[in-house]
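A short worksheet on the structure shown next.
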Amino acid sequence: MAATSPPGTGLLKGLGVTIKHLFQRPATLMYPYERNELAPRTRGVIALMDENCTVCMLCSRECPDWCIYIESHKETVPPAKEGGRARTRNVLDRFAIDFSLCMYCGICVEVCPFDALWWSPEFEYSEYSIDSLLHEKEKLRAWADTVPAPPPLDDGAVLPAEVADAIEKAEKERELAEAKAAEEAQAKESGAAGGAATPAAAAKEPEVEVKAGEIDQETFDQLIAEGKSERIARSKAKAAWVKKEKARLKAEAEQGGGDAAAPAAAPKPAEVHVEAGQIDQETYDQLIAEGKTERMARAKAKAAYVKKEKARLRAEAEQAAPSGESAAPEAEAPAKKQLSEVHVEGTGEIDQEVFDQLIAEGKSERIARSKAKAAWIKKRKQEQLDQEGGA
Amino acid sequence: MTGHDVVFVLVGLLTAAAAILTVTSKNLVHAALFLATTLAGIAGVFLVLAADFLALVQLVVYVGAVAVLFLFGLMLTRAPIGREALDNQNRGLAIGVSGGLFVVLSALIVDAVVGGSLGDTTVAEVTGPGIEDIGMAIFAEWVLPFEVLSMLLLAALIGAIVLARREPGDSGEEAMATRIDFGDAPPTEGTDSLSSGSLPELTSGERREGGP
Amino acid sequence: MTAISSGATTYIAQSVSLFDGFDGFVLPLVLKIAFVLQLFFVVPLVGGYLEHKAMGRMQHRRGPVEAGPFGVLQLVADGIKFIQKEDVIPRAADRWVFAAAPGVAMVPALLVFLVIPLGPGVFALDLELGLFYALAITSVSVLGVLMGGWASANKFSLIGGLRAGAQLIAYELPLILAAITVAVQAGTLSLVGIVEAQAGFMIPGTGINVWFVFPQIVGFGIFFISAMAELSRPPFDMPIGDSELVFGYMTEYTGIKYAMYMLTEYAGMITMSALMVVLYLGGWQLLPGVPMPGCEGAGGLFDCSPIGIALSVLVTLGKIMALVFVMVWARVAYPRLREDQLQRMSWLVLVPLSLLNLAVITVFKVVF
């Protein structure tokens, strides 16, 4: 208290503070009835995706408490090709984490090279007996269903390489499909006037063949004047030229083609967005009947719902657009496998075309470069595959 | 025998038993507790005799204050915690004094009731004096003795304080409570002249010996 | 024994000796015992619940929520738990003193309820010496605390008991002096009489009726602080002082004996609040100068219809609970005092102040 205030002011102030708090909302969370919003990386329980596990034993060895028990045996896999060599493979027999010893340091999750271990925010697995805290493989696998999706990346963050590859591939396939659709539309349009009857197949923008060799001098000069490096300026100018050219050609096409270019693009499977609010009642009931906890059952049922819904939407999209588009995701898997088997030495070259295109889309130079590099490697791989196929 | 009589006998027996236990108990604290019981029993006797005010005064003064002070003093000084006995060697003397007192008092009472000056008193219905009467008696009729008594008690109180309290410097040793010790504070005189001003002075005036 | 139906005009004449109850009818006696017991066991529970809830909310908690609707049965559940607990007696303890101590502390608290008037005719006894009786009986409680502290054979208990003894002696003085001042102003020691005197007390020279808290605000403050100290309620809980003495004289107590000590504290809160209501806050009077509906006697406070009686009891209980709330409030707001600050406050502040208060009020009483 300041020396000037009359005696007893402090006492009254104290009473004032407490009475003020009396009328404020209590901070208590009524836990079993209400639940806290847990942080995205909450360390509740460690989940195991056993299909990812290669029995490398890294987690078990790194565990400071030695609370991870792994047992496995070797199996011989017959050779993939005639005349090849048989390989051995580790098969996981037992994977157990003793949560009565675990100190939740997360080192095992950290060191797992194949993303077999995950953090799940579930924390309600207390037991009456300490033995029951030893979670075996099945239980750990069940926790994996409660692992939340990773939080979205920050704006401007570098995409993971796999995701970037996948996007690129999907985009290429879409372009292909669009080109095909455009051809079909053109073919149809000559016959029937009602081109709008097949709106799903209609491409957003008719594929215009533009030779990307020239640059838009105007843009180039302007960018140079703004102090950009020559290379960026050149690529951007090239993009600008392509764009202009495309616009010109499109205008010409529209003059001739009427309303064939309806802008309703078919939804891609990857774009299917499902609100994850509902649950799949059937799955839920079944899980409850199997004796799962309510929370887990709910999570799984939710996942099942999302899956079903996506499948339904995709099916609808396919019905609407039976063109090459729908085949793309299925075709993707084998192609990827084959590609991944080919080894190409990345020597630092980049795919200039891809680079230019990305720059034109406004990506940062670094991203564009890395993607372009990836594209180059992929091209090489494809070439090698083709060669092999030819041989 | 009326209800009064039954209760009187019961309370009297309780009081007497507690009194006997007070003097025979070997544990000092037990003795004090039995004393408190005895005093409370006497308050009960007063109550039965319709002397409400006296009973309550007995309770508040003897049980609530004297017995508590007794216990307080015992615990503060040398009360053995728990069941240890604490006896003294004055048993014979105590028996002599209390026996003599008992004889004298009972003789007086017997004399008064049976053959003496009160022999022809008739038994009357027990009714205590009203509190107003007591108040008037003390503060009007007997106010002078009352005030003198108050002064006497006050003098005794002050005397006790004077005896118990030792003024600082009286016997050479300073009272501990008035000295403030700053522990391991560095000596104020020394190499560092800058910090010497900010250090508090030792109130006792004596500087610590030694130091760096 | 006619106190139960006594009217205002005749109550002084009917004020009884404490002992008269023995010769009365059996039924009224049983009724009175039942009345006092239910007061003793129910009202402190309500006060305790109020404390739990208010304290919780002041600390941003909810307080009890699970036992019964809004947790109202929490203290009942606690009582059942205490009964089930093992009754541990330390080996070195003095068994009999240890066992008797909680009873010695509790019985006086129970007996005080005899004289507390909750409404017109709603009391077990209307003693002529009511106020003196209440103060005398409460002074015995300290014996139980000292016994428990000593018999536990534990140094923390002993120090706690000693602190309690010193504290109770120190604060009994200002408490009694403040109460006496009210008695001087009212001209009676009867608690019902004091209520009536307040209903008839006017500001000198005017016709405005006020309670005794108005002329005796200082005395009320002294009584309130002393009452909290007498009860060892925070911020005056040095005898328990859990950061210094574990739990003071209650350290070794478990189960039902511990519950008895706790019940003593809560019952003490109720009796002290009730005394303050009677002495300073006009008893069962709703507002100064406002007669109770359904009542006809002096000041509109006596000779009531059943509705009036029920209303009066509600008003009294409401005032008691308001005071209990203020005690809880102070408990939450203030930290514990130091032992020497406690003694200093009593002997150097409260006692002189209460003496001055007594002198001023006496002069005031004689002059007007």
Side-chain angles (χ1 to χ4, degrees), chain B residues 2-8 11 27-30 32-37 39-40 43-44 46-77 79-84 126-132 134-135 177, chain C residues 12 15-24 90-98 100-101 104 108 127-143 145-147 149-155 157-159 161-166 168-169 172-173 176 187-190 340:
Chain B
T2 63
H4 271 112
D5 296 336
V6 174
V7 176
F8 183 78
V11 172
N27 188 318
L28 213 52
V29 175
H30 284 180
L33 288 173
F34 282 125
L35 180 65
T37 317
L39 296 171
F46 285 145
L47 203 60
V48 178
L49 294 176
D52 283 6
F53 185 70
L54 210 52
L56 290 177
V57 168
Q58 172 84 12
L59 210 59
V60 76
V61 172
Y62 284 96
V63 181
V66 171
V68 167
L69 272 178
F70 232 88
L71 278 169
F72 195 77
L74 277 178
M75 291 178 192
L76 207 56
T77 51
I81 288 183
R83 285 173 302 195
E84 286 172 49
V126 219
T127 49
I131 182 175
E132 283 179 8
I134 297 173
Chain C
I12 295 238
S15 287
V16 288
S17 152
L18 185 57
F19 191 68
D20 282 2
F22 289 108
D23 287 340
R91 190 181 297 157
D94 192 312
R95 296 187 72 88
W96 291 106
V97 181
F98 186 83
V104 174
L127 291 178
E128 195 187 342
L129 290 165
L131 180 57
F132 190 39
Y133 169 87
L135 296 174
I137 288 286
T138 44
S139 73
V140 177
S141 268
V142 61
L143 262 183
V145 173
L146 276 177
M147 283 165 70
W150 175 77
S152 296
N154 174 327
K155 58 188 170 192
S157 297
L158 183 66
I159 294 173
L162 284 176
R163 282 188 179 187
L168 293 185
I169 291 168
E172 209 167 309
L173 209 55
I176 289 181
T188 174
L189 281 172
S190 158
D340 63 313

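As the structure is a computational prediction, the values presented were derived from the model and not from experiment. Order of the sequence lines sets the chain letters (A, B, ...), proteins ahead of strands, with each chain counted from 1.
For B:Tyr62, the OH atom sits in a loose shell: 12 or fewer heavy atoms of surrounding residues, nucleotides or ligands are nearer than 6.0 Å. Heavy atoms of other residues, nucleotides or ligands lying less than 6.0 angstrom from CZ of B:Phe70 number 12 at most.
For the pair B:Leu59 and C:Ser139, the tightest heavy-atom approach, listed with the atom from each and the gap, is O-OG, 4.5 Å.
Looking at C:Ala100, there are no atoms closer than 4.5 Å to chain B (heavy atoms on both sides), in backbone or side chain. Both the backbone and the side chain of C:Leu162 come within less than 4.5 Å of a heavy atom in chain B. Using a 4.5 Å cut-off between heavy atoms, B:Val61 does not touch chain C at all. Neither the backbone nor the side chain of C:Leu168 has a heavy atom closer than 4.5 Å to any heavy atom of chain B.
Side-chain contact between B:Leu71 and C:Trp150 is absent, with no heavy-atom pair separated by less than 4.5 Å.
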Practice problem: Evaluate the criterion side-chain contact (heavy atoms from CB on, under 4.5 Å) for residue pair C:Glu172 and B:Val60; output intermediate values, then yes/no. | Solution: CA-CA 10 Å; C:Glu172 209 167 309; B:Val60 76; 4.1 Å; yes
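Separation of atoms CG (B:Leu56) and CZ (C:Phe132) is listed at 5.5 Å; rounding is to 0.5 Å.
For the side-chain contact (heavy atoms from CB on, under 4.5 Å) with B:Leu33, the qualifying choice from C:Leu146, C:Val104, C:Asp94, C:Val97 is C:Val97, the only one to do so.
In terms of non-hydrogen atom pairs under 4.5 Å with chain C, the most contact-rich of B:Val68, B:Leu69, B:Val57 is B:Val68.
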